[in-house]
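First the structure, in the form of structure tokens, and then the observations on it.
This chain uses plain numbering: 1 for the first residue, then up along the sequence.
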Amino acid sequence: MDDVVAGNRVVWEQASVKHVREYGELLEAARSGELLVEREQQLLAPLLAEGPLVVHLQSGHGLDDVGLVRAGARVVVGVDYSSVAVGAARQRADELHVPCRYVVAEVPGVPLKDDSADLVYTGKGALIWMRDIDAWARDVARVVRPGGHLFVYEAHPAVPLWSWDEDDVRVRPDRSYFAESHLNDTYPANGAREWQWTLGQIVTAITSAGLQLQVLEEYAEPFWRPQNGTNAAAWSGRLPNSYALLARQPSQ
């Protein structure tokens with residue numbers, strides 16, 4: 001783990017204390033909430049109906065893991081480099097008696113066997129922490145079994161450009177779609193360095209790793225909004241704020 005990634009990990013350990021502090025609230029959400037967004041449910045339904053073993057890279061608080069199990073996953077293995085987040089997710093899964101297991105590890109470099117997953121699931125703020133998108137894609141391709149899938153539901157790569165002004169859509173003058181990285185200046189990772197990957201770079205990395213692209217959709221709705229009531233004009237339906245990608249590992 002290099003110095004920048006190690007620094008990001010420190011920030012995320014601090015941010016993940018929220019998962020401990022709000023444990024009861026998140027537990028209740030896991031018990032009763034709709035944990036996967038509607039389009040995720042639609043795209044994943046045929047895959048989850050087969051009872052797959054799912055690996056969730058950068059699993060965070062783990063609520064999506066519970067959602068995947070409810071939707072049909074046989075087992076979910078979450079991988080995250082925050083020991084705080086993993087600890088809270090593991091405790092929640094145990095309390096809910098759902099088959100979710102957790103590993104503390106950096107991504108890429110997942111300590112799982114080759115061809116061990118029917119489905120790799122990731123997103124919702126995951127790829128911005130990958131400083132080498134090609135290495136990430138190769139790791140995914142290594143873990144997904146022949147005939148298995150990768151599913152990504154993620155913030156659109158253009159999102160770092162949008163300001164949070166509520167009166168009009170504005171592009172931040174300090175950001176570029178083609179920049180290599182930028183410092184995060186908002187919750188929850190304030191002070192961490194995010195890497196930027198264009199949609200073309202992400203798709204190329206995945207296909208170059210040998211996976212076959214099946215679905216690529218872009219959406220105006222962001223996957224996350226801050227809880228302070230902010231309603232940015234950039235989220236009003238005119239701009240891309242999220243996307244879904246489904247790719248398949250060819251059968252041998």
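The minimum heavy-atom distance between A209 and A141, with the atom names listed, is O-CB, 3.5 Å. Taking every heavy atom of both residues into account, S83 and V104 meet most closely at CA-CG2, 4.1 Å. Listed here is the closest heavy atom pair of V55 and A117: CG2-CB, 3.6 Å. Taking both residues in full, the closest heavy atoms of D80 and A85 are given as OD1-CB, 4.4 Å, listed atom of the first, atom of the second, then distance. Among all heavy-atom pairs drawn from G72 and P52, the shortest one is O-CD, 4.0 Å. The two residues G109 and D139 have their closest heavy-atom pair at N-OD2, 2.8 Å.
The side-chain heavy atoms of C100 and V75, taken from C-beta on, include no pair separated by under 4.5 Å. Within the 4.5 Å cutoff, the side chain of I206 has no heavy atoms near those of the L213 side chain. Here the side chains of W136 and V107 are in contact, with some heavy-atom distance below 4.5 Å. Side-chain contact check for P157 versus Y177: some heavy-atom pair is nearer than 4.5 Å. Looking at I128 and M130, their side chains never come closer than 4.5 Å, going by heavy atoms from C-beta outward. Side-chain contact between L48 and L119: present, with at least one pair of heavy atoms (C-beta onward) separated by less than 4.5 Å. Between Y121 and L36 there is a side-chain heavy-atom pair separated by less than 4.5 Å.
Applying the side-chain contact (heavy atoms from CB on, under 4.5 Å) test to R74 and every residue at least two apart in sequence or in another chain returns L53, D118. The side-chain contact (heavy atoms from CB on, under 4.5 Å) check on A234 picks up W162, L239, with sequence neighbours excluded.
Judged purely by atom type and a 3.5 angstrom limit, T122 has no side-chain atom pairing as donor or acceptor with the backbone of V152. At distances below 3.5 Å, not a single donor-acceptor pair connects side-chain atoms of R39 with backbone N or O atoms of Y153. No donor-acceptor pair under 3.5 Å is formed between the side chain of T204 and the backbone N or O of Q201. No donor-acceptor pair closer than 3.5 Å links the side chain of E166 to the backbone N or O of A232. When atom types are taken as modelled, the side chain of Q91 and the backbone of A88 share no donor-acceptor pair closer than 3.5 angstrom.
Here the CZ-CZ distance, from R142 to R138, works out to 11.5 Å after rounding to the nearest 0.5 Å. With rounding to the nearest 0.5 angstrom, the NE2 atom of H182 is 11.0 Å from the CH2 atom of W195. Atom-to-atom distance recorded for S59:OG and D64:CG is 9.5 Å, nearest 0.5 angstrom. The CH2 atom of W197 lies 9.0 Å from the CD1 atom of I202; values are rounded to the nearest 0.5 Å. Between the CD atom of Q42 and the CD atom of E217 there is a distance of 8.5 Å, given to the nearest 0.5 Å. Note: S176 OG to L161 CG = 7.0 Å, rounded to the nearest 0.5 Å.
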Exercise. Given the rule in the side chain to side chain contact (heavy atoms under 4.5 Å, CB included) test, do V169 and R238 qualify, once you have shown the distances and angles that lead to the verdict?
Worked result: CA-CA 9 Å; V169 174; R238 296 171 54 193; 3.7 Å; yes
For this session: Report the C-alpha separation of L246 and L150 in whole Å, then their side-chain angles, then the decisive distance to 0.1 Å, and conclude whether the side chain to side chain contact (heavy atoms under 4.5 Å, CB included) test is met.
Result: CA-CA 6 Å; L246 182 66; L150 163 68; over 6 Å; no
For this session: Would you please test R70 and V98 for side chain to side chain contact (heavy atoms under 4.5 Å, CB included) and show each step?
Result: CA-CA 9 Å; R70 283 187 184 161; V98 291; over 6 Å; no
For this session: Given side chain to side chain contact (heavy atoms under 4.5 Å, CB included), test L216 with L199 step by step and report yes or no.
Result: CA-CA 10 Å; L216 179 61; L199 199 55; 4.3 Å; yes
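Under the 4.5 Å side-chain heavy-atom criterion for Ile, Leu, Val, Met, Phe, Trp and Tyr, L245 and V144 are members of the same hydrophobic cluster. Two different hydrophobic clusters hold L183 and W129 under the rule that ILVMFWY side chains link at heavy-atom gaps under 4.5 Å. The hydrophobic clustering, which links ILVMFWY residues whose side-chain heavy atoms are closer than 4.5 Å, places F223 and V215 together. Hydrophobic clustering places L68 together with V37 (ILVMFWY residues linked when any side-chain heavy atoms are closer than 4.5 Å, directly or through intermediates). Note on Y102 and V76: separate hydrophobic clusters, where clusters join Ile, Leu, Val, Met, Phe, Trp and Tyr whose side-chain heavy atoms are under 4.5 Å apart, directly or indirectly.
Side-chain N/O atoms of H149 and Q249 include no donor and acceptor closer than 3.5 Å. Using modelled atom types and a 3.5 Å distance limit, the side chains of N241 and H156 yield no donor-acceptor pair. Side-chain atoms of Q58 and Y81 form no donor-acceptor pair, as typed in the model, at a separation below 3.5 Å. Judged purely by distance below 3.5 Å, without hydrogens or angles, the side chains of R172 and S163 never pair a donor atom with an acceptor atom.
Using a 4.0 Å cut-off between charged nitrogen and carboxylate oxygen, E221 and R225 count as a salt-bridge pair. Between E154 and K124, none of the side-chain N atoms (NZ, or NE/NH1/NH2) sits under 4.0 Å from a carboxylate O, so this pair counts as no salt bridge.
Residue pairs meeting the salt bridge (Lys or Arg N to Asp or Glu O under 4.0 Å) criterion with at least one partner in residues 126-136, sequence neighbours excluded, are D2-R131.
The local environment of CD in E50 is sparse, with at most 12 non-hydrogen atoms from other residues, nucleotides or ligands closer than 6.0 Å.
Using bins of under 30°, 30° to 60° and over 60° for the plane-to-plane angle, the ring pair W224/W164 lands in the tilted bin.
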